[in-house]
Each structure stands twice: as structure tokens, then as C-alpha cells.
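Report on one structure; see the data block that follows.
For this chain, numbers begin at 1 and follow the sequence in order. The figures that follow rest on heavy atoms only: side chains count, while hydrogens, waters and symmetry mates do not.
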Amino acid sequence: MKYSNKIPRYYNQRQYIFSSILYLFLVFPIFGYIYLTNINSDSNFSQGFMNGIGKDSSDLSDSLNITELNQEKIVTITTDTLNKKTSLVSINISKRKTNFSSSEDIFDHLFLLIGLNIILIFIYGIPYKIYFYKKRKRKKIPEKLNLFIRKTILKTPLIYTLIYALPYLLILLEMLQVFFFSDNNHDATKLEKQFFYISLIASTLTILFIFYWQRHRVHLHYIEHIFSAEELRKKIFKKKSGKIRNYILFSNMVTTLLPLTIVLLYVILSLTAIDNLNIDKYNLSHQIILFGNYLSQDKLYDISLFNDLFYINAINSVLMFGGIISGISVSFFYIILFVKWTTEDITIPVKALLNNIKKTNANDIDNYSIVRSNNEIGELTEGFNHMSERLQRYVKRISNINKELEEKVEQRTKEIANQNEEIKSQRDSIIEQKNEIEAQRDTATTQRDMIGNQNVAIKDSIQYGRSIQYAVLPQKNNIDSFLKEYFILFKPRDIVSGDFYWFAEYEKKVIVAAIDCTGHGVPGAFMSMLGVTFLNQIVNKNKNLHANMILNLLRENVIGALNQKGQSKKLQDGMDMSLCIIDFANKTLEYAGAYNPLFIIRKGELIEEKADKMPVGFHPKINRSFTNNIVTIENNDMLYLFSDGYHDQLGGNKFTKLLKTNFIKILKSISELPAEEQNSMLEDKLKQWQGNRKQIDDILVIGIKIKEKL
């Protein structure tokens, strides 16, 4: 049996081997440099080579002292200099042998761990290879294998990345210990430290390469052969990966910043400061070697003028250009692959979605698109699939209606054929029945067209409902007539709100309330309309009202309007609220609350009036009256009434709730500001905390500064 072209082979080792080659290519210049300085240490070339790249730049200053150019450019070598040179060669060879022993061990460990990792990755990939092999051969797959693949396939990018990172992490830790913190008298060379820095960046780059390669293959090649069509109509990913924009920006950073960082590191590591030469006797020959024809060859300049400059010796230039070539080459290669992956991650799902949309326009509605990602494209695809399912159900329903109508027509036709004698007398009746059937068919067609317009009509209705809700809320000019300085921060989560605010003037006192109805959106808006109506009736019909009396009467109205009797599965909606009756003349206020407290900030200190732990609605404590709290107030006190929407908003770096403690800190920090500035500061703080995340609940905060009444 031939293999199916639609089912891919499962590859894992080629990714590891290819990434390892990229890693070695990035570190090859510095690795080869170390290798050349340690082979054949007895040869004249190697001795001179090692002497020229000694552990520090003082060796180079000795090498510069070997030759001296006189005015006639005749090279002379002094016996003292040769003796000094011979001594330095002996010392450097001894040091190189010591360092090579440790470096050689590290390289041996690296190659050994890479080999073991290849075996480990091969072993871990065996179940996946068996699974796809049996898929291609159309053989039965064991249930345990199938369950293992389904549970782990989406985690393989991270798993392979961790396996791949293991040898490099161990080697980096070993190099860090040997080259920087060794206690065995190992004196690490400059080259070995350079190798550690470059290896750190190269390891990071190749590890990211493994992750994105495997992620690309899983999303675009594997998942449709593992999960069912019903599962792929929706997102199979547990976490959201983020926006496409951030994914593209990160890919660009990986493909350009890290390879170019290696290039920059090679350049920086190739530089040596002139100040580090420590030349005992600076002469014209040194000046010619360091500056060439840029300085006059007849005049000897003071070398201290150039201590802040750098130079690159011949060997370091080879290292620098090798690093530049390797870094740019890998960057170019990464750009090609990452652009390919990024483009395919976007274009393939979008093309599939567009193709299905075209099929839908051609009346082929029995189709769906695979949700291959958990970003915006995945959400769009999932939404299309949901719409397609609803359209299929609706068309099937219409088809059944049409089929029933056709059966009726056929049945009636047969009856007419069997009643030839009655045809003439019943002709009018038959025509009437036929017209009725056609009218029913037309009605069914009209109903189908109406469904397409329902969403627009519903949205328009909700927008109109918003206008109605805002119309019944207290208007600013009315509030201004009895309050001097205040603010209202009102942010519905949806078009209409379950939170609302209410103001009234009663016997030269001001009543203010912040109410949070059960739910939000349209249900919450209905509750808010009931709340406004009941509060207006209570204040208009009753005298000698106190804060707790208003809550008690409102609770009775809510229970009666919603027919709440406490049975299970019955409507248990209600309201959380805080209500104050402010007497500006006598500097007192009455407060009653259902779950929501009252905050008073006086000279930077918080005074909290706690609410009763029961709602305005049905509750086991229904026969218990709300508590009426009488509080003395002072000029410049700030009163804050609020719902739980502000401090329950999710955000921040850890995507947690703002919490009431942080909300109190914000209120304390702004309490001395004018009311309008407090409103702006609260909005700014909320935007900073929320970021681009969705608002989870309606938000209402009312702030009132105590001053003389208007």
C-alpha cells in the first residue's frame, strides 16, 4: 500500500541536527580560534601564534618590542628582546596547555551531550512516528497511543525546546564554573571567556529556532490528523498566545537582533585598548605598527594621547570577520525561515477561511475551517464555524418545512386524481389550497430572510435602550443645582449597564445612591430601570425617610416586582448598593448599604462605613431591617460611593484583580484634588491597569466633596 500524501511524516531529529549545525556555525570562528592556538604547541608557528594572542594585552606589548625601526628602516633585534620573547613563549605554552585541557574537556562534554540528546529526542519521538506511520498505512491505532498523542502534541514545541536546551545549559554552567569561578588554579584565557559569551547568545538563538519550527509544524501539519473535525471547529488551545502583531515583532527580533548581537559581540571582543599594552619604552616602530601612515613617521607622539583608542591585530581581524560572516549568514537564513513560518501561519488559515466563505456564497454551507491558532485569526475562524453551524441548522429546518409542504402538495394531488368526478366542483377549493401552500412557502422564505436582519435590529434596539436608560438617569444640570463639587465615573461594560446612579433632593437634604444590579448588559439594564422607578416612587410618596427605610422599601418593591419567593431555581436577582442622605447644614449624613460600603477620606485618612451583608432582594435575612448609620462630616471631606466593577477589574503584569486595597490607595492619593481631576486620574489609573484587556463588569464611582450647600 502506498503512503498517503495527505498525512505527513513526523520529523524531529532533523530539526535538532540542523539547529546544532547552526549553533556550531555561529561559534565556529571563536571555536576554531581556540583550537588553532592549542594544536602542535611545539611548532615554531604555534609558539609565535600563541605568543601573539596571550592571555592579556601585555604580551602584545612585548611582541611590539621585538623590532625597532630606525630612520633608515633597518630591522634590528636585540639579544635582550629575544631572551624576553623566548621566556614569554615558554610561559604562554605552559598556560595554553593548562587551558586547553579544560577547554578540550568542555568541548568533549558538549559533543557527548549533543549525541546523547539526539538519542533522547529519537526515543521521545518514537510514539509520534508510530502514530503517523499507522495513519499513513491506515492501520488501527492503539487507544493508549492515541490518548498520549492527543494529550502531548500541543506541548511538543516546549518539550523539544527543553530537551534541546539541556546540553547547552549544562555546558554553559560548566564554562561559567571553569572559566569564572574555578578553584583548581585554571586561569581562563580571554578567548575562553569570549567563547562563553558568544555560546550563550548562539544557544538562545538556536533554542528559539527549535521552538518555532516545531510549533509551525504542529499547527499547520499535524493537528488535523490527530483531532476530530468537531474538535477543530473550536480552539483546542488552553491558553491564548497573544496578538499577531506581537508574534511578528518577536519573530523579527529573533531573526535580526540576536544574530546581529553575535556580530556586534565578535567586533567588540576583537578590540584591544592601547592603554592595555603597557609599553615600557615607546618608540617610532611601535607608532608605525599601531597607526601606520595616519601619523607622521618622522615625529614620535606621546602615546598617552591615544590611550582611549582601540586597535585590532591581524589574528583578531580574522576572528572578527569570521564572526561577522557567520552572524550575517545565519541572520539571512533565519529571516527566510521565520518569514516563511510567519507568513504561512497567517496566510494558510486565512486562505482556507476565504475558500469556505466562497463556498458558502455558492450555497455550499456544509463546510468548516480548522482553528489552527489561538490568536485573532483563530477567533475569526471559530466565529465563522459557529455561524456556519447555525446556518446549516436553519437551512435544514427550512428544507424540512419545504419537504413537508411538497409532501402535502403531492398528497393533495393524488387525492384530486382519485376524485375525478369531484374535480369540477372542487376546482376552486383546490386552487385555493394551492395558493395557501405557495403562501406558506413564501412565508418560510421570508422568515429565512428575516433572520439575517435580526442581529442588526437587536443591536439597534439595544442602542435605543441605552438612550432610554441615560434619559432616566439624573441629568447633570439637575445635580449641579444641589451639589457644588462632585464627579461620576460611569463606564458600562456593554452598550447598556446594570450599574446606575441616583440623586434626589429631599427636605433640603441630598440623597445619593450608587447601585449595582445583578448581571450586566440588557438584563442589568432592565433591573436598573426598575430601581430608578422604585426609588423615585419611594421618595415622592413617603415622608420622614431615613437611609435604611429607603433600602427596606426598595427591597419590598423588588421582591414584589420579580415575584421572588425563595424557591429553588426561582429568580433570585437583586441589587447591591450604598445610599447616603447628606445634611449639609448640620454636617451629618445617614448611610445604609447592601454589601457596598461608604468611604470617607478626611485629611488623607480613610473612614469606612460598612454595609449590611445582604442584598436588596430576596435573602434569608429578609425580615431584618437594614442598618441606619449616622455620621458626622466636615468641610472638605470626600465621600466615595461605588460598585465592585473598578476594584474587580483584571489587569497588571500578572492579570489579577486590582483589589480594594489598591483602590483605597488610589482614592487617598487623589482625594485632595478637584473633583474633575479626580475623575480623570481614576480613568487614567484604570486604563494603565487594564491595558488592552476587556472590561469585565460595569464600573461606577461617585465622589462628593463636602462644602456648603448651594
Side-chain angles (χ1 to χ4, degrees), residues 1-19 118-161 163-164 209-238 241 336-359 364 366-375 377-378 380-382 384-385 388-389:
M1 183 183 294
K2 295 183 178 180
Y3 289 108
S4 173
N5 293 328
K6 294 183 179 180
I7 301 177
R9 295 176 180 271
Y10 186 81
Y11 299 116
N12 60 339
Q13 283 183 299
R14 64 168 57 181
Q15 299 166 225
Y16 181 83
I17 295 173
F18 193 74
S19 299
I118 292 176
I119 297 174
L120 180 60
I121 287 178
F122 174 76
I123 294 173
Y124 183 78
I126 289 175
Y128 302 96
K129 290 180 179 291
I130 294 174
Y131 178 88
F132 282 96
Y133 171 79
K134 288 183 178 291
K135 273 276 187 179
R136 292 194 303 274
K137 290 293 230 176
R138 304 182 187 278
K139 293 184 177 181
K140 183 178 179 181
I141 300 174
E143 184 62 27
K144 289 184 178 180
L145 176 61
N146 185 58
L147 184 61
F148 173 78
I149 299 299
R150 286 172 58 86
K151 285 185 176 181
T152 59
I153 188 64
L154 297 178
K155 301 176 183 178
T156 53
L158 182 60
I159 293 173
Y160 281 128
T161 301
I163 295 175
Y164 179 79
F209 183 76
I210 280 286
F211 176 81
Y212 279 98
W213 191 346
Q214 180 66 15
R215 180 180 180 273
H216 172 75
R217 288 197 64 81
V218 168
H219 287 200
L220 295 186
H221 296 280
Y222 296 153
I223 58 174
E224 63 259 46
H225 304 293
I226 297 174
F227 299 96
S228 66
E230 290 299 323
E231 290 174 314
L232 293 175
R233 289 175 183 266
K234 300 178 181 179
K235 287 182 287 189
I236 58 176
F237 310 94
K238 293 183 179 180
S241 62
I336 293 176
L337 281 182
F338 271 85
V339 168
K340 176 179 179 296
W341 296 339
T342 304
T343 303
E344 289 181 351
D345 286 345
I346 297 174
T347 57
I348 289 178
V350 170
K351 286 181 180 178
L353 187 59
L354 290 175
N355 187 44
N356 285 329
I357 292 174
K358 291 179 181 178
K359 290 182 180 179
D364 181 11
D366 189 14
N367 59 80
Y368 76 98
S369 294
I370 296 176
V371 181
R372 297 183 180 275
S373 61
N374 48 357
N375 52 28
I377 294 178
L380 180 63
T381 305
E382 187 176 5
F384 169 79
N385 291 337
S388 179
E389 288 179 1

**Prompt:** Under 3.5 Å, is there a donor-acceptor pair between the side chain of R136 and the main chain of P8?
**Reply:**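 Such a contact is found between R136 side chain and P8 backbone.
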Identify the heavy atoms of [X] and [Y] that sit nearest to each other, and give their distance.
X	Y	answer
L145	I130	CD2-CG2, 3.9 Å
Y222	R217	OH-NE, 2.8 Å
I141	K134	CG1-CB, 4.0 Å
L154	P157	O-CD, 3.5 Å
Y10	T156	OH-CG2, 4.2 Å

For the atom pair [atom1] ([X]) and [atom2] ([Y]), what is the distance rounded to the nearest 0.5 Å?
X	Y	atom1	atom2	result
T161	W213	OG1	CH2	13.0 Å
Y131	H225	OH	NE2	9.5 Å
K129	F122	NZ	CZ	7.0 Å
R150	E231	CZ	CD	4.0 Å
I163	I121	CD1	CD1	5.5 Å
K135	I226	NZ	CD1	8.0 Å

**Message:** So I153 and F148, do their side chains get closer than 4.5 Å, heavy atoms only?
**Reply:**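 No, side chains not in contact.
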**Request:** Could you pull out all residues at least two apart from Y160 that satisfy ring pair (Phe, Tyr, Trp, His ring centres under 6.0 Å)?
**Result:**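 Residues passing ring pair (Phe, Tyr, Trp, His ring centres under 6.0 Å) with Y160: Y124.
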**Message:** Assess the residue pair T152 and Y128 against the criterion (side chain to side chain donor-acceptor pair (under 3.5 Å)); give the C-alpha distance rounded to whole Å, side-chain angles, the decisive distance to 0.1 Å, and a yes or no.
**Reply:** CA-CA 10 Å; T152 59; Y128 302 96; 2.6 Å; yes
